[in-house]
Student: 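What follows is a structure written as structure tokens; I'll ask about it next.
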Amino acid sequence: MFTKISTKKAPAAIGPYSQAILLNDFLFVSGQLPIDPDTSNIASTIEEQTRQVMKNLKAILKEAKMTTDNVIKTTCFLANMEDFSVFNQIYSETFTNCPARSCVAVKELPKGVLCEIEVIAHI
């Protein structure tokens, strides 16, 4: 049996999925876009977007009584690999425990954003 995790401090799902699912001791967080949950705005720069994604992830983790220290795996999607160094700098400030990671460039992301991150965390 699993539990759906949801918070208004992160953007609502824009499709038929949950913000996160808690299964036993594992939390599976859906890909988070850089949408400000209070305004629905999307910043324009990779730096601002990456920081917003991190805020959204932290809000969902907090709802599940976890922190970024519980994250064991991330999957990162970038619309442009030229943004990698800026993205990576902000990522390293957030994920100081250095979880396993995949980072790929994709043709495009929903709503034309520059980055998206999904995570797996463990209690």
Side-chain angles (χ1 to χ4, degrees):
M1 193 53 106
F2 63 83
T3 304
K4 292 181 182 180
I5 303 295
S6 181
T7 178
K8 292 183 182 203
K9 295 182 180 179
I14 58 174
Y17 60 90
S18 301
Q19 285 178 332
I21 296 290
L22 182 64
L23 176 64
N24 299 322
D25 294 339
F26 288 93
L27 183 69
F28 299 87
V29 181
S30 295
Q32 291 301 298
L33 298 178
I35 300 170
D36 182 319
D38 296 326
T39 64
S40 298
N41 290 340
I42 298 171
S44 59
T45 69
I46 187 62
E47 180 178 4
E48 294 169 312
Q49 287 194 19
T50 304
R51 291 194 188 285
Q52 185 64 55
V53 167
M54 297 306 175
K55 286 180 189 176
N56 297 343
L57 288 169
K58 288 177 184 179
I60 294 168
L61 289 164
K62 183 176 181 179
E63 187 68 23
K65 299 178 178 33
M66 295 187 197
T67 70
T68 55
D69 289 337
N70 294 98
V71 174
I72 58 173
K73 171 73 168 86
T74 68
T75 305
C76 308
F77 306 94
L78 296 176
N80 186 341
M81 269 302 180
E82 291 180 14
D83 292 332
F84 181 79
S85 64
V86 172
F87 173 87
N88 204 46
Q89 175 59 42
I90 297 163
Y91 177 97
S92 68
E93 294 168 6
T94 303
F95 293 107
T96 57
N97 62 329
C98 297
R101 177 176 93 171
S102 299
C103 186
V104 297
V106 295
K107 184 175 178 184
E108 64 182 298
L109 290 163
K111 298 191 174 278
V113 301
L114 303 174
C115 62
E116 178 178 0
I117 302 174
E118 63 182 32
V119 303
I120 300 171
H122 185 263
I123 296 175

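Throughout, numbering of the chain's residues begins at 1 and tracks the sequence. Please read all numbers here as calculations on a predicted model, not as lab measurements.
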Student: How close do Pro11 and Leu33 get, heavy atom to heavy atom, and via which atoms?
Tutor: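 Taking Pro11 first and Leu33 second, the nearest heavy atoms are CG-O, 4.3 Å.
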
Student: Which heavy atom of Val53 sits nearest a heavy atom of Pro34, and at what distance?
Tutor: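 Shortest heavy-atom separation between Val53 and Pro34 comes out as CG2-N, 3.5 Å.
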
Student: To the closest 0.5 Å, what do you measure between CZ (Phe2) and CG (Asn24)?
Tutor: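 Going from the CZ atom of Phe2 to the CG atom of Asn24 covers 12.0 Å.
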
Student: Tell me the closest heavy-atom pair linking Thr96 and Ser92, and the distance in Å.
Tutor: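 In terms of heavy atoms, the two residues are closest at CG2-O, 3.8 Å.
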
Student: Could you check whether atom OH of Tyr17 has more than 12 heavy atoms from other residues, nucleotides or ligands sitting under 6.0 Å from it?
Tutor: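 Above 12, so yes.
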
Student: Following the transitive rule for hydrophobic clusters with a side-chain heavy-atom cut-off under 4.5 Å over Ile, Leu, Val, Met, Phe, Trp and Tyr, establish whether Val86 and Phe84 coincide in one cluster.
Tutor: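 Same cluster.
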
Student: Is Arg51 salt-bridged to Glu93, going by a charged N under 4.0 Å from an acidic O?
Tutor: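 Salt bridge flag = yes for Glu93 with Arg51.
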
Student: Is a side-chain N or O of Thr50 found less than 3.5 angstrom from the main chain of Phe87, in a donor-acceptor match?
Tutor: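 No.
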
Student: Quick one: SG on Cys76 to CD on Glu116, what's the gap to the nearest 0.5 Å?
Tutor: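 Those atoms lie 10.0 Å apart.
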
Student: Can you measure from CD1 (Ile117) to OG (Ser30) and round to the nearest 0.5 angstrom?
Tutor: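 If I round to the nearest 0.5 Å, the distance is 13.5 Å.
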
Student: Between the main-chain N or O of Glu48 and the side-chain N or O of Thr45, is there a donor-acceptor pair closer than 3.5 Å?
Tutor: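 Side chain of Thr45 to backbone of Glu48: a pair is present.
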
Student: Hey, what do you get for CE (Met1) to CG (Leu23), rounding to the nearest 0.5 Å?
Tutor: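 Rounded to the nearest 0.5 Å, the CE-CG separation comes to 11.0 Å.
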
Student: Between Phe28 and Glu118, is there a side-chain heavy-atom distance shorter than 4.5 Å?
Tutor: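 Glu118 vs Phe28: side chains apart.
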
Student: I need the minimum non-hydrogen distance between Met81 and Val104, along with the two atoms involved.
Tutor: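 Nearest heavy atoms, Met81 then Val104: CE-C, 3.8 Å.
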
Student: When clusters are formed by joining ILVMFWY residues with side-chain heavy atoms under 4.5 Å apart, either directly or through shared neighbours, do Met54 and Ile35 land in the same one?
Tutor: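 Different hydrophobic clusters.
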
Student: Spell out, yes or no, whether Ile42 and Ile90 are grouped together once hydrophobic residues are joined by side-chain heavy atoms under 4.5 Å, including indirect joins.
Tutor: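 No.
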
Student: Does the side chain of Cys103 reach to within under 4.5 Å of the side chain of Leu78, using non-hydrogen atoms?
Tutor: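 Answer yes - side chains close enough.
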
Student: Could you tell me if the side chain of Met66 sits less than 4.5 Å from the side chain of Ile5, heavy atoms only?
Tutor: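 Side chain of Ile5 against side chain of Met66, heavy atoms only: no contact under 4.5 Å found.
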
Student: Nearest 0.5 Å, what's the CG-OG1 distance between Asn97 and Thr67?
Tutor: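 The CG atom of Asn97 sits 8.0 Å away from the OG1 atom of Thr67.
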
Student: For the residue pair Val71 and Leu27, establish whether any side-chain heavy-atom pair is separated by less than 4.5 Å.
Tutor: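 Sidechains of Leu27 and Val71: no contact.
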
Student: Asn80 versus Asp83: any side-chain heavy-atom pair under 4.5 Å?
Tutor: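 In contact.
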
Student: Would Ile72 end up clustered with Ile21 when hydrophobic side chains under 4.5 Å apart are linked, directly or stepwise?
Tutor: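 They do share one cluster, since a chain of ILVMFWY contacts under 4.5 Å joins Ile72 to Ile21.
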
Student: Between CG of Leu109 and CG of Leu114, what distance do you get to the nearest 0.5 Å?
Tutor: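 Reported value, rounded in 0.5 Å steps: 8.0 Å.
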
Student: Just wondering, do Lys55 and Gln52 contact through their side chains at under 4.5 Å, heavy atoms?
Tutor: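 The answer is yes, as the side chains (C-beta and beyond) meet within the 4.5 Å cut-off.
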
Student: For the backbone of Ile60 and the side chain of Gln19, can you confirm whether one donor and one acceptor N or O come within less than 3.5 Å of each other?
Tutor: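 Judged by distance alone, no pair lies under 3.5 Å.
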
Student: Kindly indicate whether the side chain of Lys73, heavy atoms from C-beta on, has any atom under 4.5 Å from the side chain of Ser102.
Tutor: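 In contact.
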
Student: side-chain contact (heavy atoms from CB on, under 4.5 Å) for Thr68 and Leu57? Distances and angles first, verdict last.
Tutor: CA-CA 8 Å; Thr68 55; Leu57 288 169; over 6 Å; no

Student: Can any side-chain N or O of Asp36 pair as donor or acceptor with the backbone N or O of Asp38 at less than 3.5 Å?
Tutor: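 Side chain of Asp36 to backbone of Asp38: a pair is present.
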
Student: Does the side chain of Tyr91 come within less than 4.5 Å of Arg101's, by heavy atoms?
Tutor: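 Contact flag for Arg101/Tyr91 side chains = yes.
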
Student: Could you tell me which non-hydrogen atom of Val113 sits nearest to which non-hydrogen atom of Ala79, and how far apart they are?
Tutor: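 Taking Val113 first and Ala79 second, the nearest heavy atoms are O-CB, 3.8 Å.
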
